[in-house]
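One structure is given here, and the rest of the page talks about it.
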Amino acid sequence: MDHISLPKAELHLHLEGSFEPELMFAIAQRNKIAIPYASAEAVRAAYRFSNLQDFLDIYYAGARVLIAEQDFYDLTYAYLKRVAADNVRHVEVFFDPQTHTERGVAFATVIGGISRALKDGEAGFGITSKLILCFLRHLPEADAFATFKQAEPYLDRIAGVGLDSSEKGHPPSKFARVFAAARDAGLKLVAHAGEEGPPEYIWEALDILKVDRIDHGNRSLEDPRLIARLVQEGMTLTVCPLSNLKLCVVNDLAQHPLKRMLELGLKATINSDDPAFFGGYVGDNFAAITDALTLSQADLITLTKNSFAGSFLSEGEKARHLAAVDAAASHAAL
Ligand code: HPA
Ligand code: ZN
């Protein structure tokens with residue numbers, strides 16, 4: 001059985017990270033913005049990173065061509081269209097409003113285009129979605145509060161808040177107050193932690209931010225007490241194998257900790273993070289890590305079940321998707 005037979009959810013995807021070079025060129029042209037590369041191939045050739053910050057510099061530069069509501073629509077719709085082919089049934093996607101509002105693009109423009117595409121994607125591909133607003137952690141907490149204020153009229157379209165960008169030197173505790181405000185507003189909470197930052201940042205995400213999910217979480221494996229806590233709470237980790245390889249979080253996929261996470265009883269899931277930059281969508285991540293770690297059919301079933309169980313869907317919707325995984329698995333096993 002390969003992963004394509006199994007329905008799945010993607011829980012760690014930055015919409016701006018799904019911006020393929022071809023679409024970047026097309027949108028740059030219609031917005032009359034120059035790109036310092038000759039072709040989509042030249043853009044791809046520039047995607048070689050030795051750490052998170054290397055990547056973020058290029059990622060923010062690419063996002064500069066996104067100006068109009070239609071640009072955000074096209075970006076989002078292209079992602080949904082692509083993952084429909086990977087048998088993705090539900091997505092919980094991040095967007096980074098500050099990357100756009102600081103360039104003078106209105107919050108309404110960004111969320112307008114994204115939410116219109118999510119609606120059309122559900123109608124066209126049957127993919128349901130939740131939207132997660134990420135605060136940029138390299139900026140002050142006051143800026144996150146200003147962004148949260150801009151989001152207020154749209155909270156019916158936003159399921160949760162997250163924390164992304166440069167991890168080292170920007171611990172979760174820096175955002176304690178704005179996460180408390182988001183929690184008071186009834187939003188779900190997630191945070192990138194333990195991608196490059198130490199286990200202590202994962203503790204802070206749990207104890208200070210009180211997150212519902214940890215994004216990445218790789219470095220939890222350095223701390224047995226933390227592993228025990230994550231297992232005991234059934235905390236979902238949104239793991240991103242190809243991202244980890246491209247950002248040198250691991251040197252080789254064969255050394256990736258995913259299999260160990262499953263053996264320890266951690267609720268790991270497979271995700272693509274920034275597929276246009278890291279060499280593959282969620283299906284490519286499943287294929288590459290299955291191959292590198294010789295994952296079993298049971299592992300694949302566990303991973304896809306974890307993706308629905310760890311989502312922010314209702315219990316009824318989760319049960320329906322989990323039953324669909326079982327049905328697909330038994331069908332494939334025949
Ligand atoms: N880590 C932190 N910030 C990000 C990432 C990531 O993997 N992708 C996009 N923003
Ligand atoms: Zn990420």
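Counting starts at 1 for both ligands and their atoms, in listed order. Quick caveat: nothing in here was measured; it's all calculated off a predicted structure. For the single chain, residues carry numbers from 1 onward in sequence order.
- Counting only heavy atoms of the protein, atom 5 (C) of ligand 1 lies nearest to H14 NE2, 3.6 Å.
- Atoms of ligand 1 lying under 4.0 Å from at least one heavy atom of D274, given by number and element, are 5 (C), 8 (N), 9 (C).
- The ring-ring contact (aromatic ring centres under 6.0 Å, His included) test applied to H216 returns H12, H192, not counting sequence neighbours.
- Around the Zn ion (ligand 2), the protein atoms of type N, O or S found under 2.8 Å away are H12 NE2, H14 NE2, H192 NE2, D273 OD1, listed by chain and number.
- Close to ligand 1: H216, with a non-hydrogen atom less than 4.0 angstrom away.
- The distance between the ring centers of F72 and F19 does not fall below 6.0 angstrom.
- Below 4.0 Å from some heavy atom of F55 lie the following atoms of ligand 1, by number and element: 8 (N), 9 (C).
- Ring-plane geometry between H321 and F308 is classed as parallel, the angle between the planes falling under 30 degrees on a 0 to 90 degree scale with a further cut at 60.
- The pair E222-R219 counts as a salt bridge, with a side-chain nitrogen and a carboxylate oxygen less than 4.0 angstrom apart.
- The line from OH of Y79 to CG of L13 is 3.5 Å long, rounded to the nearest 0.5 Å.
- Between H12 and ligand 1, no N or O atom pair is found at a separation short of 3.5 Å.
- Proximity of F94 to ligand 1, defined as any heavy-atom pair under 4.0 Å, is not found for any part of the residue.
- The closest approach between L56 and ligand 1 falls below 4.0 Å for a heavy atom of the residue.
- Annotation: cation-pi pair K246/Y47 absent, no NZ/CZ under 6.0 Å from the ring centroid and within 45° of its normal.
- Taking the centre and axis of the six-membered ring of F125, the NZ or CZ atom of R82 falls outside the cone set by 45° and 6.0 Å.
- Note: no N/O pair closer than 3.5 Å links S243 and ligand 1 by distance alone.
- Under 4.0 Å from ligand 1, the heavy atoms of L52 that appear belong solely to its side chain.
- Side-chain contact, R116 with Q70: a donor N or O sits under 3.5 Å from an acceptor N or O.
- With hydrogens and angles disregarded, no donor-acceptor distance shorter than 3.5 Å links the side chain of R213 to the backbone of A191.
- Counting only N and O atoms by type, the side chains of D274 and S272 include no donor and acceptor under 3.5 Å apart.
- Using a 4.0 angstrom heavy-atom cutoff, S165 counts as in contact with ligand 1.
- Counting atoms of ligand 1 from 1 in the listed order, those under 4.0 Å from a heavy atom of H192 are 1 (N), 2 (C), 6 (C).
- With salt bridges taken as basic N to acidic carboxylate O contacts below 4.0 Å, one links R30 and D71.
- For the residue pair S296 / D299, a side-chain donor-acceptor distance below 3.5 Å is found, with atom types taken as modelled.
- Looking at atom 7 (O) of ligand 1, its nearest protein heavy atom turns out to be D273 OD2, 2.7 Å.
- Any N or O atom pair closer than 3.5 Å counts here, and E195 shares at least one such pair with ligand 1.
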